[in-house]
Trainee: 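Pasting a structure below so you can have a look.
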Amino acid sequence: MMNLEQPYIAELPGDLSPTEVREDKERYGSGNAENDSSPLEECDLSAYFSSGGVLSGAMADYELRPGQLEMANVVKKAILDQCPALIEAPTGTGKSLAYLLPAILSEQKIVIATANKSLQDQLFRKDIPFLRNILGRPFDAIVVIGRNNCICRHNWE
């Protein structure tokens, strides 16, 4: 498992050093992360992702994926430190739940940009309602689509 005292990066592009990532921290947060308390701070994500955890109780076919818990902890640390995280993981890691769960537990506004509409639809219609259900509390989520996906008078005519 990755030592989380290191930069919050699972994979770094060849030309990006960990120092550069740390120096960019001020661009991404309010700069007073130490003063802002988050419910995510006290949260043990293994209670959700481990065998016998919350997710395994809600999913019949759940299996423990160590990479998923590792990714969730990297996302948690990045949110708490208000620092970007660049994470690359193979298919089947469980990336969607690994970033959605800490994002929701943080109770902060989070923007998730997807590469395609099918992933956007999966998150909004499947994963987010599932997490609302298992967490037992409401939270807001919206989908914002690009203007190329909307009809306008000019294109109509």
Side-chain angles (χ1 to χ4, degrees), residues 1-22 24-25 27-30 33-34 36-145:
M1 186 172 258
M2 185 175 118
N3 178 357
L4 295 178
E5 296 302 316
Q6 298 299 315
Y8 327 108
I9 307 297
E11 293 282 335
L12 284 174
D15 62 340
L16 184 64
S17 74
T19 306
E20 290 172 324
V21 173
R22 286 190 200 136
D24 281 351
K25 178 179 175 182
R27 291 178 34 201
Y28 295 93
S30 63
E34 303 83 31
D36 298 337
S37 178
S38 170
L40 188 57
E41 287 182 69
E42 302 301 319
C43 182
D44 178 11
L45 293 176
S46 64
Y48 293 92
F49 291 101
S50 65
S51 297
V54 175
L55 292 174
S56 70
M59 301 170 76
D61 58 346
Y62 182 80
E63 61 184 64
L64 173 64
R65 301 173 191 176
Q68 186 180 40
L69 176 58
E70 181 179 353
M71 179 180 166
N73 279 313
V74 170
V75 170
K76 173 185 173 178
K77 183 143 181 69
I79 290 171
L80 291 174
D81 291 348
Q82 297 181 359
C83 183
L86 175 64
I87 302 167
E88 182 178 357
T91 302
T93 302
K95 294 180 287 291
S96 296
L97 293 180
Y99 62 75
L100 281 175
L101 191 60
I104 292 165
L105 292 172
S106 75
E107 298 181 356
Q108 295 181 26
K109 287 184 184 179
I110 303 290
V111 175
I112 298 168
T114 62
N116 56 56
K117 293 177 195 171
S118 62
L119 178 56
Q120 182 182 50
D121 194 55
Q122 173 197 319
L123 294 174
F124 192 70
R125 300 191 188 283
K126 180 183 172 221
D127 297 332
I128 290 173
F130 170 73
L131 290 172
R132 269 192 192 112
N133 186 41
I134 68 163
L135 293 174
R137 66 174 187 225
F139 55 86
D140 294 328
I142 62 169
V143 173
V144 178
I145 57 176

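Side chains included, hydrogens not; waters and symmetry mates left out as well; all remaining heavy atoms used. Start at 1 with the first residue, then count along the sequence.
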Trainee: At their closest point, which heavy atom of A85 faces which heavy atom of A78, and how far apart are they?
Mentor: CB-CB, 3.7 Å
Trainee: Could you measure the distance from the CZ atom of F130 to the CG atom of L97? Nearest 0.5 Å is fine.
Mentor: 6.5 Å
Trainee: Which atom pair, heavy atoms only, marks the closest approach of I134 to A58?
Mentor: CG2-CB, 3.4 Å
Trainee: Any heavy-atom pair between the side chains of N73 and K76 that's under 4.5 Å?
Mentor: yes
Trainee: Does a side-chain heavy-atom distance below 4.5 Å link L80 with P102?
Mentor: no
Trainee: Taking side chain as C-beta onward, heavy atoms only, is L45 less than 4.5 Å from V75?
Mentor: no
Trainee: Can you give me the closest heavy-atom contact between N116 and S118, atom names plus distance?
Mentor: OD1-OG, 2.9 Å
Trainee: Less than 4.5 Å apart, any side-chain heavy atom of S46 and any of L69?
Mentor: yes
Trainee: Is it the case that the side chain of E41 and the backbone of S38 share a donor-acceptor pair, with hydrogens and angles ignored and the cut-off at 3.5 Å?
Mentor: yes
Trainee: Would you say the side chain of Y48 lies within less than 4.5 Å of the side chain of L105, judging by non-hydrogen atoms?
Mentor: yes
Trainee: Which atom names give the shortest non-hydrogen contact between F49 and L64, and what distance separates them?
Mentor: O-CD1, 3.3 Å
Trainee: For A98 versus M71, what's the shortest heavy-atom pair and its separation?
Mentor: CB-SD, 3.8 Å
Trainee: Hey, what do you get for CG (L40) to NZ (K77), rounding to the nearest 0.5 Å?
Mentor: 11.5 Å
Trainee: State, yes or no, whether a side-chain contact exists between L135 and L101 at a heavy-atom distance under 4.5 Å.
Mentor: yes
Trainee: Looking at OG of S51 and CD of E63, how far apart are the two atoms once the value is rounded to the nearest 0.5 Å?
Mentor: 9.5 Å
Trainee: With a 3.5 Å distance limit and no angle check, can you tell me whether Y62 reaches the backbone of G52 through a side-chain donor-acceptor pair?
Mentor: no
Trainee: Rounded to the nearest 0.5 Å, how far does CD1 of I128 lie from CD1 of I112?
Mentor: 6.0 Å
Trainee: In Å and rounded to the nearest 0.5 Å, what is the CG to CD distance from L55 to Q68?
Mentor: 6.5 Å
Trainee: Heavy atoms only: give me the nearest Q120-V143 pair and the separation to one decimal.
Mentor: NE2-CG1, 3.3 Å
Trainee: Pairs in or reaching into residues 124-134: which pass side chain to side chain donor-acceptor pair (under 3.5 Å), with residues at least two apart or in two chains?
Mentor: D121-R125, Q122-D127
